Chemist: 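First the structure, which I've put down as structure tokens, then a few questions once you've had a look.
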Amino acid sequence: MNYALFKTFFKIGLFTLGGGYAMIPLIEAEVVDKYKWITKDEFLDLIAIAQSCPGVFAINIAIFIGYKLRKVSGAVVASFGTALPSFLIILAIAMFFSQFKDNPVVASIFRGIRPAVVALIAVPTFRLAMSAKLTWATCWIPIVGALLIWLLGVSPIYIILAAGIGGYVYGSIIKPTE
């Protein structure tokens with residue numbers, strides 16, 4: 001099982017551009033759909049937990065999934081599998097960066113990759129919104145949160161705290177009386 005965990009998360013780490021959020025569809029396809037190690041609901045819960053914890057999202061989600069499956073050894077193997085490809089790629093780039101940093105072909109490649117990375121982040125965001133059962137009545141919450149961060153420079157920490165308090169108030173006080 002540890003070998004399968006390492007191989008799965010190494011593959012995810014190797015073929016994902018754009019960071020942890022771009023990994024969400026790949027992690028879901030492997031962990032939920034292909035291997036059925038966790039359910040879709042567990043996956044959504046782990047994403048929420050990984051987002052709220054300090055540190056790198058991809059490592060956090062790998063640790064949580066690995067721990068759920070194999071405890072500490074699974075957490076170590078999954079996180080190592082996730083981090084190793086990036087480490088090796090960055091190491092290779094650092095070794096050869098000065099040779100191609102001003103190359104117009106390389107610059108063009110990176111300009112072409114940028115829109116793809118945006119799409120890789122946008123798709124899981126919309127999927128998560130649908131899985132979280134956002135409705136037209138509740139979709140204003142992430143939109144307002146994003147606008148507060150983007151336009152007014154509000155710290156995401158305050159948005160998370162406000163959302164947590166709002167969820168608690170709604171779930172424990174408002175919803176039971178409905």
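In what follows, every heavy atom counts, from backbone to side chain, and hydrogens, waters and symmetry copies are set aside. The chain is numbered in sequence order, starting from 1. Since this is a predicted model, take the numbers as computed values, not measurements.
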Chemist: Is it the case that atom CZ in Phe87 sees more than 12 heavy atoms from other parts of the structure closer than 6.0 Å?
Modeler: no
Chemist: I'd like to know if Val72 and Phe64 are part of one continuous hydrophobic network [Ile/Leu/Val/Met/Phe/Trp/Tyr, side-chain heavy atoms within less than 4.5 Å].
Modeler: no
Chemist: Membership question, hydrophobic clusters at under 4.5 Å side-chain separation (ILVMFWY): are Tyr168 and Leu161 in the same one?
Modeler: no
Chemist: Give the minimum heavy-atom separation between Ala58 and Met23, together with the two atoms involved.
Modeler: CB-SD, 3.2 Å
Chemist: Side chain to side chain contact (heavy atoms under 4.5 Å, CB included) between Ile159 and Val154: does it pass, once the steps are laid out?
Modeler: CA-CA 8 Å; Ile159 303 296; Val154 175; 3.9 Å; yes
Chemist: Under a single-linkage definition using a 4.5 Å side-chain heavy-atom cutoff for Ile, Leu, Val, Met, Phe, Trp and Tyr, are Val56 and Ile90 assigned to the same hydrophobic cluster?
Modeler: no
Chemist: Please say whether more than 12 non-hydrogen atoms of neighbouring residues, nucleotides or ligands are located less than 6.0 Å from NZ in Lys40.
Modeler: yes
Chemist: Check step by step if side chain to side chain contact (heavy atoms under 4.5 Å, CB included) holds for Ile24 and Phe43.
Modeler: CA-CA 10 Å; Ile24 291 173; Phe43 183 66; 4.0 Å; yes
Chemist: To check you understand the geometry: which heavy-atom pair defines the closest contact between Val77 and Asn2, and what is its length?
Modeler: CG1-O, 3.1 Å
Chemist: Under a 3.5 Å cutoff, is there a donor and acceptor pairing between the side chains of Arg111 and Ser108?
Modeler: yes
Chemist: How would you list, by chain and number, every residue that makes a salt bridge (Lys or Arg N to Asp or Glu O under 4.0 Å) with Lys71, sequence neighbours excluded?
Modeler: none
Chemist: Counting only heavy atoms not in Leu151 (residues, nucleotides, ligands), do more than 12 fall under 6.0 Å from its CG?
Modeler: yes
Chemist: Give a yes or no answer on whether the side chain of Thr8 reaches the backbone of Leu5 with a donor-acceptor pair at less than 3.5 Å.
Modeler: no
Chemist: Nearest heavy-atom pair of Ala78 and Gly66: which atoms, and what distance?
Modeler: CB-CA, 4.1 Å
Chemist: Return the minimal non-hydrogen interatomic distance between Ile63 and Ser79, and the atom names on each side.
Modeler: CG1-CB, 3.6 Å
Chemist: Honestly curious: do Leu14 and Phe9 fall in one hydrophobic cluster under the side-chain, below-4.5 Å linking rule?
Modeler: yes
Chemist: Tell me which one of Leu26, Ile65, Leu46, Ile61 satisfies side-chain contact (heavy atoms from CB on, under 4.5 Å) with Val31.
Modeler: Ile65
Chemist: Say you draw a straight line from CG of Asp45 to CG of Asp41; how long is it, rounded to the nearest 0.5 Å?
Modeler: 6.5 Å
Chemist: Taking atom CG of Leu148 and atom CD1 of Ile143, what is their separation to the nearest 0.5 Å?
Modeler: 12.0 Å
Chemist: Keeping the roles fixed (side chain from Glu30, backbone from Ile27), state whether a donor-acceptor pair exists under 3.5 Å.
Modeler: no
Chemist: Side chains of Leu84 and Phe6: does their closest heavy-atom pair fall under 4.5 Å?
Modeler: yes
Chemist: Find out if a path of hydrophobic residues (ILVMFWY) with successive side-chain heavy-atom gaps under 4.5 Å connects Phe15 to Phe80.
Modeler: yes
